[in-house]
Amino acid sequence: MLLAVFSDIHGNRQAFETCLKIARAKGAKRFVLLGDFVGYGADPEWVVDTAMELVAQGAVAVRGNHDQAINSTAETMNAEAQIAIEWTRGRLDTAQRRFLAELPMQVEEDGRLFVHAEASHPQRWHYVRSTLDAAKSLIATRAHVTFCGHIHRPALYSMSVTAKMTSFVPKTDVPVQLLRGRQWLAVLGSVGQPRDGDPSAAFALFDTESCQITYCRAPYDVATAAGRIRDNGLPSWLAERLSQGC
């Protein structure tokens, strides 16, 4: 089965719609949503409703830190992110908020672990910035492949049976074989707010039979997404950064 894996959608309808369309055209049969459905972007209602529909159809979804912040004042964020969260709280209805609150921190199935940040302490929202961070996550699970997001920059890490680490930034549309003799940590880029210098939305496809992962990019209507942010009175930097991929 071909899985389409999305992370950090952040209320960006234009990016998510485009990624879903491309993933389906490429043959994706099931969807995995690694959290942060809300925050930053101006269409949280549509994104959450779409996620709810996908989950009802069999998709996997886990909770991100922005999702948790909707129902918890304990989460601390920078000023612009906090403004977006407070605005989003006023947009979501009871069912949408309940959906976010009830999302699991992680899901494991068939040797695959899905988590928003990383596996060693999912609730602490640590970023995977290095091989050391990746090793901590991999040691915490027996899963063959862990999928995470949170940092908004794609990367791929692996650990051998002797704990030797490798890491690299995967090339777009180039399949990578995730060998059985190693553990892997696939860090997804962001659908709704990429931060690797490429404004195109990011997601990945994973073939459960061949154990190949392909990182994908999807150019989308950035101008409309940015315009929606400005029209709703959210901080202008949240709109500007979309075209910069930062």
> Can a side-chain donor-acceptor contact be found between R195 and Q193 if the only test is distance below 3.5 angstrom?
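Yes, R195 and Q193 have a side-chain donor paired with an acceptor closer than 3.5 Å.
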> For a quick check under 3.5 Å, do H150 and D36 share a side-chain donor-acceptor pair by atom type?
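D36 and H150 do not have a side-chain donor-acceptor pair below 3.5 Å.
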> Kindly indicate whether the side chain of V48, heavy atoms from C-beta on, has any atom under 4.5 Å from the side chain of F99.
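The answer is yes, as the side chains (C-beta and beyond) meet within the 4.5 Å cut-off.
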> Are more than 12 heavy atoms, taken from residues, nucleotides or ligands other than Q177, located less than 6.0 Å from that residue's CD atom?
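Yes, CD of Q177 has more than 12 neighbouring heavy atoms, counting only those of other groups under 6.0 Å.
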> For a quick check under 3.5 Å, do H126 and D133 share a side-chain donor-acceptor pair by atom type?
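No, D133 and H126 have no side-chain donor paired with an acceptor closer than 3.5 Å.
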> Kindly say whether the aromatic ring centers of H10 and F37 come within a distance under 6.0 Å.
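No - the distance between ring centres of H10 and F37 does not fall below the 6.0 Å cut-off.
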> Quick check: closest heavy atoms across N65 and H116, and the distance to 0.1 Å?
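Taking every non-hydrogen atom into account, OD1-NE2, 3.2 Å.
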> Any sub-3.5 Å donor-acceptor pair from T208's side-chain atoms to M1's backbone N or O?
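Here the side-chain-to-backbone pair exists.
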> Cut-off 3.5 Å, side chains only: do S200 and R217 have a donor facing an acceptor?
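There is no such pair (donor and acceptor under 3.5 Å, judged by atom type) between the side chains of S200 and R217.
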> Taking all non-hydrogen atoms of both residues, which atom of R241 and which atom of C246 are closest, and how far apart?
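Minimum heavy-atom separation between R241 and C246: NE-O, 2.7 Å.
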> Ignoring hydrogens, what is the shortest heavy-atom contact between R182 and K164? Give both atom names and the distance.
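Taking every non-hydrogen atom into account, NH2-O, 3.1 Å.
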> I'd like to know whether T166 forms a side-chain hydrogen bond (donor to acceptor under 3.5 Å, both in side chains) with S158, so could you lay out the CA-CA distance, the side-chain angles of the two residues, the decisive distance to 0.1 Å, and finally the verdict.
CA-CA 5 Å; T166 64; S158 73; 2.5 Å; yes
> If only side-chain N and O atoms count, and only distance matters, is there a donor-acceptor pair under 3.5 Å linking T146 with T141?
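No pair is found: no donor N or O on one side chain lies under 3.5 Å from an acceptor on the other.
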> Run the side-chain contact (heavy atoms from CB on, under 4.5 Å) test against N232 and tell me which residues pass, sequence neighbours left out.
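Once residues adjacent in sequence are excluded, the partners of N232 under the side-chain contact (heavy atoms from CB on, under 4.5 Å) criterion are A42, W87, R91, R228.
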> Any donor and acceptor pair, going by atom type alone, linking the side chain of S243 with main-chain N or O of E240 inside 3.5 Å?
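Confirmed, S243 side chain pairs with E240 backbone.
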> Whether R30 and E109 form a salt bridge (side-chain N of Lys/Arg under 4.0 Å from carboxylate O of Asp/Glu) is what I want to check.
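Counted as a salt bridge, because a side-chain N and a carboxylate O are separated by less than 4.0 Å.
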> Taking the side chain as everything from C-beta on, heavy atoms only, tell me whether L234 gets closer than 4.5 Å to R230.
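SC-SC contact between L234 and R230 ruled out.
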> When you measure from the side chain of R112 to the backbone of V145, do you find a donor-acceptor pair of N or O atoms at a distance under 3.5 Å?
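Flag not set: sc R112 to bb V145 has no pair under 3.5 Å.
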> Testing the basics here: between D67 and G64, what is the closest heavy-atom pair and its distance to 0.1 Å?
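In this case the closest contact between D67 and G64 is OD2-N, 2.8 Å.
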> Given Y215 and D173, is the side-chain hydrogen bond (donor to acceptor under 3.5 Å, both in side chains) satisfied, shown in steps?
CA-CA 6 Å; Y215 284 70; D173 294 329; over 6 Å; no
> Do the rings of H152 and Y40 sit parallel, tilted or perpendicular, given the 30° and 60° boundaries?
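Judged by the thresholds at 30° and 60°, the geometry between H152 and Y40 is perpendicular.
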